[in-house]
Enquirer: 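My questions all concern the structure below.
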Amino acid sequence: MIKKFLNKVFKKREQAVVAINEADLNLSQSAKKIAFKKHQINQDLISSAALKTCEGLQNAGFDAYIVGGAVRDLLLDFKPKDFDVATNAEPEEVNRIFRRSRIIGRRFRLVHVLWGRETIEVSTFRGHHDNNQNKDDGSTNDTGRILRDNIFGSLEDDAVRRDFTANALYYNPKTQEVLDFHNGVADVKARLLRMIGEPITRYKEDPVRMLRAVRLSAKLGLKIDKATEKPIAELADLLQDVPPSRLFDEMLKLFLSGHAIESINILRAQHLHHGLLPLLDVVLEQPLGEKFVMLALKNTDDRILEGKSSNPSFLFAALLWHEVLKAWQVQQKHAPMIPALYNAMDEVIQLQAKKLAIHNRFVSTMKEIWAMQPRFEQRAGKRPFALITHPRYRAAYDFMLLRAESGEIATEIGEWWTTFAHASSEQRTAMLLPDAAPKKRRKRKPKKPAVKEAGSA
Ligand code: ATP
Ligand code: MG
């Protein structure tokens, strides 16, 4: 009996050892292990939060790697802006290991581990979808688009499911080794962005990958590999299917990458801009509109590359301004000037929202910036004093300067406001223009003599 029991235990242990060896074998067959000597990743550039997250998982007996954009950026000598960790621990297990963590997402469940102000995104290795799996975990639609991706798998499976070879590199801080399943290190060194697997299938699974190709190539100066690039123009229409909120998030990343101009140029070259920002198509085709949009993008790129923040509301207000102007003209046939502007703003936002859902928190600021524009032309009386104290004055003023620079309004208006802002209160009063339309004095109606009510004293 005891013998039988011991046999059983030993057999199990033997099997486990075999399994580990096989996994190791698999890994070494399919992944190149790249040592520090070759990749030279400087660990000082890795956030301590990411290192602590890997350490916490590894101490609990799990595998953990820094993965994705951060490893790619480190190889390219860029400072990564965020760090992702991949592990074989399931979300609930990760959540149990880190006190300050929470499980998020439905389409793609992952864990946010919080360290002070920094958040590390921890995802469990994703596996293959097959038809027998529970639809709640993994599903695709008729065109092959992945709707849910919560099927867990091995490290190797996880690598295949990532988009570009440069994004499928796994760095183990403990051994300082990079695991490379798809020749990503060589591609990064050759400055090439190459899709893993068959590009058409991969774009069908997730059309946003087309935008990611554009954004990453613009941001990192990588060339899109020929086979990766070729199907993009034909498949551009698939973006119509992507939920508007996801499209907005991706466009926001693109515009705030510090390389928005370059991204727009590539989007146009790849015929991807049609239908993305439906109104932007039209704007980019009008000379004045294009000049204005490009100036706004240049302004945003410069700010971001200088390390300053940039307000997405300002940028989206700029992208759609010439459409607002066009709609405003039409609306003025039916309503007075200011109500017509409000109608035009609503019309443009509604039309845009069908494709790309601009978050509500940005929409209200966009509307404020737009609505303040006619007020810059009023430079008489008390109005300029009121405008300059408006909480959104600064953004509206910057916006107006771009309009002046693009030739839409006289440069003199921009100069006037710049001087006005720096002037003393006496100087400001002296700068005011004569009121073109003096207020009409309402004639007072002659007071009616009070009629005494019959019977009153
Ligand atoms: P960035 O520098 O903008 O953060 P990134 O490549 O890190 O670029 P993330 O959105 O942070 O982009 O994604 C992290 C990683 O997740 C990617 O490097 C890639 O491995 C994987 N990934 C992200 N989006 C997709 C996608 N649509 N399809 C496949 N893999 C993806
Ligand atoms: Mg990233």
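Just so you know, ligand 1 is whichever comes first in the structure, and atom 1 is the first atom listed for that ligand. Small disclaimer: the values here were computed from a predicted structure and weren't measured.
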Enquirer: Give me the residue, atom name and distance of the protein heavy atom closest to atom 10 (O) of ligand 1.
Expert: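 Checking every protein heavy atom, the shortest distance to atom 10 (O) of ligand 1 gives Lys253 NZ, 3.0 Å.
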Enquirer: For atom 8 (O) of ligand 1, what's the nearest protein heavy atom and its distance?
Expert: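 The protein heavy atom lying closest is Arg72 NH2, 3.4 Å.
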Enquirer: Please state which protein non-hydrogen atom is closest to atom 15 (C) of ligand 1 and give its distance, to 0.1 Å?
Expert: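 Here the nearest protein heavy atom works out to Arg162 NH1, 3.6 Å.
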Enquirer: Got the closest protein heavy atom to atom 14 (C) of ligand 1, with its distance?
Expert: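 Nearest protein contact, heavy atoms only, for atom 14 (C) of ligand 1 is Asp84 OD2, 3.2 Å.
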Enquirer: Between Gln331 and Ala340, what is the shortest heavy-atom contact and its length?
Expert: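 Here Gln331 and Ala340 meet closest at CB-O, 3.5 Å.
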Enquirer: Hey, which atoms in ligand 1 end up nearer than 4.0 Å to a heavy atom of Lys219?
Expert: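 Every atom of ligand 1 under 4.0 Å from some heavy atom of Lys219: 1 (P), 2 (O), 3 (O).
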Enquirer: Taking only Lys NZ, Arg NE, NH1 and NH2, and the carboxylate oxygens of Asp or Glu, determine whether Arg202 and Asp206 approach each other closer than 4.0 Å.
Expert: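 Looking at Asp206 together with Arg202, the answer is no, because their closest N to O distance does not fall below 4.0 Å.
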Enquirer: Classify the ring geometry of Tyr393 against Tyr397: parallel below 30°, tilted from 30° to 60°, perpendicular beyond 60°.
Expert: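 Aromatic pair Tyr393/Tyr397 classed parallel.
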Enquirer: Does Asp249 pair with Lys253 as a salt bridge, N-O distance under 4.0 Å?
Expert: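 Lys253 and Asp249: not salt-bridged.
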Enquirer: What residues form a ring pair (Phe, Tyr, Trp, His ring centres under 6.0 Å) with Phe362, not counting sequence neighbours?
Expert: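 Ring pair (Phe, Tyr, Trp, His ring centres under 6.0 Å) list for Phe362, sorted by chain: Phe248, His359.
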Enquirer: Considering only protein heavy atoms, which is closest to atom 19 (C) of ligand 1, and at what distance to one decimal place?
Expert: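 Ranking protein heavy atoms by distance from atom 19 (C) of ligand 1, first comes Asp163 OD1, 3.5 Å.
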Enquirer: Is any NZ, NE, NH1 or NH2 atom of the basic residue among Lys33 and Asp180 found under 4.0 Å from an Asp or Glu carboxylate oxygen of the other?
Expert: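 Here Lys33 does not pair with Asp180 in a salt bridge, since their nearest N and O are not under 4.0 Å apart.
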Enquirer: Does ligand 1 have any atom sitting under 4.0 Å from a heavy atom of Arg215?
Expert: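 The answer is yes, since Arg215 has a heavy atom less than 4.0 Å from ligand 1.
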Enquirer: Say whether Arg161 and ligand 1 are in contact under the criterion: heavy-atom distance to a ligand atom below 4.0 Å.
Expert: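 It does, in that a heavy atom of Arg161 comes within the 4.0 Å cut-off of ligand 1.
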Enquirer: Gly68 heavy atoms, cut-off 4.0 Å: which ligand 1 atoms fall inside?
Expert: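 That gives atoms 18 (O) of ligand 1.
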Enquirer: May I ask you to identify the nearest protein heavy atom to atom 4 (O) of ligand 1, giving residue, atom name and distance to one decimal place in Å?
Expert: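 Protein heavy atom with the smallest distance to atom 4 (O) of ligand 1: Lys81 NZ, 3.1 Å.
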Enquirer: Quickly, which of Val111, Asp84, Val113 forms a side-chain contact (heavy atoms from CB on, under 4.5 Å) with Glu121? Name it, please.
Expert: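 The passing option is Asp84.
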Enquirer: Got an N, O or S from Asp84 under 2.8 Å of the Mg ion (ligand 2)?
Expert: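 It does not; every qualifying atom lies at 2.8 Å or beyond.
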Enquirer: Could you identify the single nearest non-hydrogen protein atom to atom 28 (N) of ligand 1 and state the distance to 0.1 Å?
Expert: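 Checking every protein heavy atom, the shortest distance to atom 28 (N) of ligand 1 gives Arg209 NE, 2.8 Å.
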Enquirer: Give the residue and atom name of whichever protein heavy atom lies nearest to atom 12 (O) of ligand 1, and the separation in Å to one decimal.
Expert: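 Looking only at protein heavy atoms, the one closest to atom 12 (O) of ligand 1 is Arg212 NH1, 3.2 Å.
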Enquirer: Indicate whether the side chain of Asn183 and that of Thr165 have a donor and an acceptor atom separated by less than 3.5 Å.
Expert: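 Checked: Asn183/Thr165 side chains show no N/O donor-acceptor pair below 3.5 Å.
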Enquirer: Taking the N/O/S atoms of Asp82 one by one, which is nearest to the Mg ion (ligand 2)?
Expert: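 The Mg ion (ligand 2) is closest to the Asp82 atom OD1, counting only N, O or S.
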Enquirer: Sort out for me which residue in Thr87, Leu57, Leu155 forms a side-chain contact (heavy atoms from CB on, under 4.5 Å) with Tyr65.
Expert: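 Result for side-chain contact (heavy atoms from CB on, under 4.5 Å) with Tyr65: Leu155.
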Enquirer: Taking Arg209 first and then Glu205, would you say they form a salt bridge - that is, a charged N and a carboxylate O separated by under 4.0 Å?
Expert: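 Between Glu205 and Arg209 there is a salt bridge, with a charged N closer than 4.0 Å to a carboxylate O.
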Enquirer: What part of Val208 sits under 4.0 Å from ligand 1 if we count only heavy atoms: the side chain, the backbone, both or neither?
Expert: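 No part of Val208 comes within reach of ligand 1.
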Enquirer: Cation-pi check, Arg126 to Phe108: give yes when NZ or CZ is under 6.0 Å from the six-membered ring centre and within 45° of the ring axis, no otherwise.
Expert: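 Yes, Arg126 lies over the aromatic ring of Phe108.
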Enquirer: Check if Asp206 has a non-hydrogen atom at a distance under 4.0 Å from any atom of ligand 1.
Expert: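 Contact present.
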Enquirer: Which atoms of ligand 1 sit under 4.0 Å from any heavy atom of Asp82?
Expert: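 By the 4.0 Å cutoff, the relevant atoms are 4 (O).
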